[in-house]
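Working notes, structure below.
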Amino acid sequence: MTVARQDFLVDLRAVRFAYGEREILRGIDLSVRRGQVVAIMGGSGCGKTTLLRLIGGQLRASAGQVVVDGADLAGLSRAALYGLRRRMGMLFQFGALFTDMSVFDNVAFPLREHTDLPPELVRALVLMKLNAVGLRGAEALSPAELSGGMARRVALARAIALDPMLIMYDEPFAGLDPISLGVIGQLIRRLNDALGASSIMVTHDIHESLEIVDYVYFVSDGRIVARGTPDEIRASDDPFVHQFVHAEADGPVPFHYPAPSLAASLLGEVGA
Amino acid sequence: MSRTVLDLWVGFFVVIGAAALLFLSLKVGSFSGFNSSNTYVLQAPFDNIGGLKVRAPVKSAGVVVGRVAEIRFDPATYRAVVSFSVDARYAFPRDTIATILTSGLLGEQYVGLEPGGDVDMLGEGDTVMITQSAVVLEKLIGQFMFDRAAE
Amino acid sequence: MSGVIGFLRRVGSRTVDMVWRLGFATRFFGLVLLYSGQSFRRLHLTIREIYFAGVLSLLIILVSGLFVGMVLGLQGYETLQRFGSSDALGVLVALSLTRELGPVVAGLLFASRAGSAITAEIGLMKVTEQLKAMDMMAVSPIARVVAPRFWGGVVSMPLLAALFTAMGILGGWLIGVVFIGVDDGAFWSQMQAAVDFRYDVMNGVIKSIVFGVAVSLIAVFEGYDCTPTAEGVSRAITRTVVSSALAILALDFVLTSFMFRGQS
């Protein structure tokens, strides 16, 4: 690849991360070009969400560099980090809407916190964002009255309220019915292109993702094991990718948790 | 809940809270402990203060005019020195007599001031020279027995 | 032998854990104070919390105050009339309420009503990632969520304690004067003569402010620090009530020994 480094909005170089003794990430190189939608895939608990936290600056890498929009997160003060985060939007797994506010106030929250816009303008912006996710009619509802898919769309409207340069999605498809799933998938792509933003999506929903993303990283055991465009992934004969794409129970990711052989366990040789 | 209704409730809460404080300060308590800005301090040495305590009332003609501020022992004269603050509205002549009295037979002890006839008045930090100590019941009984025996 | 070692080890790790948490709580208190600016600049955030902590605790405080005062009236009369000094009923009711029962019982009720609610609310926000989402939106959760709740509690508590005391005195008056027939004039005048505003009433108010700070801090801290699971939140709520009660009683002892030492 001959892309200049400044073309990367997000650039992770040899990033390692550990919770105490437990190593989660063991050297990740990952980059997102401006305008791209990138998916990070992998099994549950492989460190995908940790990656998003690192990019959002909620966690600090124990080694390596996390560079977002040219700024190394390790060297940022809290104020500078908050400044950077104003240009990021994040969609949490279950939306994380503020339960004590209406849908309207949820979407208006970032605008009211970070701008001094007059109420009429805030109202116009909020309605535009809600319209973009197709929920303008739901502005007066409380989050408790929304279905899972609607809550996620409201959260998406809130994430894009300040027209961010980078949108992050943590498992945007988890627990959705097929229709909502398609709706969210299309929204992610459309909003990314409309806003001229870049998106990073952490997911294990491979088929939906391959439809909408530009590039895919596969993470397993804290390392990137495969990468490529959707077409490359579909054509890949990498055993891990193959197992993942075709949802096979056994393969490079074993079905069994490491254990002595079944025969040995049954014959009681372990206890002997 | 709209913000105005909420504000109304909080306003109501603050008002009745303040009313409760006002009730406590006016109806329940009293400002008997005069603050130092409008009092002056007098001292009086006593041979024996009995059970007098700090914050005991200082009365003249039965009216509370001040409070005992401090009680200490003077090692030079072996007497107790009682400092008390008196409401600045009341002035007492120099030859006022300070007595330690008991309200009722077993009640709390207080300092009684009995004004004399001097034209000069006591001021801040002055000492009341003429004092009468507390009546100690054991001494009284002892004296009574002694007098009887002498007869 | 190994049992003893195991026991000692558990005690040791508990102690270390407690000291560690205490240190974190202190740092957290500092952060809350540091980020308090916003809860004053944007007053409606704090007013909202005064509503939740104060107004919603009103009913339980007023009713409990009335009953505590009525019990004091009954018991006090029962004891005082043996010495023929039932006129001093007002003094007994008012002094015990202003100095001790008002702040302490109101504090305990406040901890279980408002403190647990604050912990539950912040804990649930943590479970549903609302705090993290706020942080990602470059809004500090301590400034936006924790500090207003803390100050709402600190403002509410003295008002609630004053209301509790006032209701209690009215309850004592109701039993003593209206039902038993103690002389109305003696009840109030003896009370006024014996209760000093600065010495008794103000010290009670100071106590209630201190309890308000302690309970509010414990409540927001336990909520913020809880394990983000349903079980973690319920344990945090229990801890809020238990630690608040212990803190109130221990602080009450310390404050009382400072305020009323060696005097009347």
Side-chain angles (χ1 to χ4, degrees), chain A residues 49 52-59 68 76 78-101 105-116 143-144 148 151-152 154-162 164 166-171 174 200, chain C residues 13 17 20 27-28 30-31 34-35 37-39 41-53 55-56 114 117-149 152 220 223-224 227-230 233:
Chain A
T49 306
L52 281 194
R53 295 259 164 81
L54 285 168
I55 296 169
Q58 290 191 310
L59 296 174
V68 178
L76 286 188
R78 190 173 167 76
L81 184 62
Y82 265 17
L84 195 60
R85 281 190 193 162
R86 286 182 197 196
R87 295 185 289 141
M88 294 182 187
M90 179 146 176
L91 181 68
F92 281 80
Q93 192 163 352
F94 295 104
L97 292 177
F98 302 131
T99 37
D100 55 346
M101 300 180 195
D105 289 333
N106 259 288
V107 181
F109 182 86
L111 294 166
R112 288 180 179 151
E113 291 292 325
H114 292 311
T115 66
D116 291 320
R152 214 136 334 155
V154 173
L156 184 50
R158 185 179 69 180
I160 59 167
L162 290 172
L166 174 67
I167 314 172
M168 290 182 275
Y169 302 88
D170 187 4
E171 303 280 8
I200 303 176
Chain C
S13 85
D17 195 50
W20 194 63
R27 193 158 62 90
F28 182 76
L31 277 178
L34 194 69
Y35 283 104
Q38 193 172 29
S39 42
R41 260 200 316 280
R42 293 171 55 189
L43 209 57
H44 70 95
L45 292 177
T46 308
I47 288 178
R48 222 182 88 91
E49 299 312 326
I50 296 177
Y51 175 80
F52 286 114
V55 177
L56 295 185
I118 291 173
T119 306
E121 207 185 358
I122 298 181
L124 282 175
M125 289 185 83
K126 189 172 180 184
V127 173
T128 53
E129 295 194 304
Q130 292 179 46
L131 296 183
K132 262 184 204 141
M134 203 173 270
D135 193 36
M136 269 311 292
M137 283 185 253
V139 175
S140 160
I142 293 187
R144 185 65 171 66
V145 174
V146 173
R149 281 167 179 75
V220 291
Y224 195 80
T227 320
T229 60
V233 174

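The chains referred to below are lettered A, B, ... by the order of the sequence lines, with proteins before strands, and numbering in each begins at 1. Just so it is clear, the values below take in all heavy atoms, side chains as well, and ignore hydrogens, waters and symmetry mates.
- Considering only heavy atoms from C-beta on, A/His114 comes within 4.5 Å of C/Val139 through its side chain.
- Neither the backbone nor the side chain of A/Leu84 comes within contact range of chain C; no heavy atom of the residue lies under 4.5 Å from a heavy atom of that chain.
- For C/Asp17, the CG atom is densely surrounded, since the number of other residues' heavy atoms within 6.0 Å is greater than 12.
- In this structure, C/Gln130 contributes its side chain and A/Thr99 its backbone to a donor-acceptor pair below 3.5 Å.
- Side chain of A/Arg85 to backbone of C/Asp135: a donor-acceptor contact under 3.5 angstrom is found.
- When each of A/Arg78, A/Met168, A/Glu113, A/Met90 is checked for heavy-atom pairs under 4.5 Å with chain C, A/Glu113 comes out on top.
- Here C/Arg144 is the residue among C/Met125, C/Arg42, C/Arg144, C/Glu121 with the most heavy-atom pairs under 4.5 Å with chain A.
- Rounding to the nearest 0.5 angstrom, the gap separating the CE atom in C/Met136 from the OH atom in A/Tyr82 is 10.0 Å.
- Using modelled atom types, one side-chain atom of A/Gln58 and one backbone atom of C/Lys132 make a donor-acceptor pair closer than 3.5 Å.
- Heavy-atom minimum distance, A/Arg158 versus C/Ala133: NH2-CB, 3.8 Å.
- Taken from CG in A/Leu162 to CE in C/Met137, the straight-line distance is 9.5 Å, to the nearest 0.5 Å.
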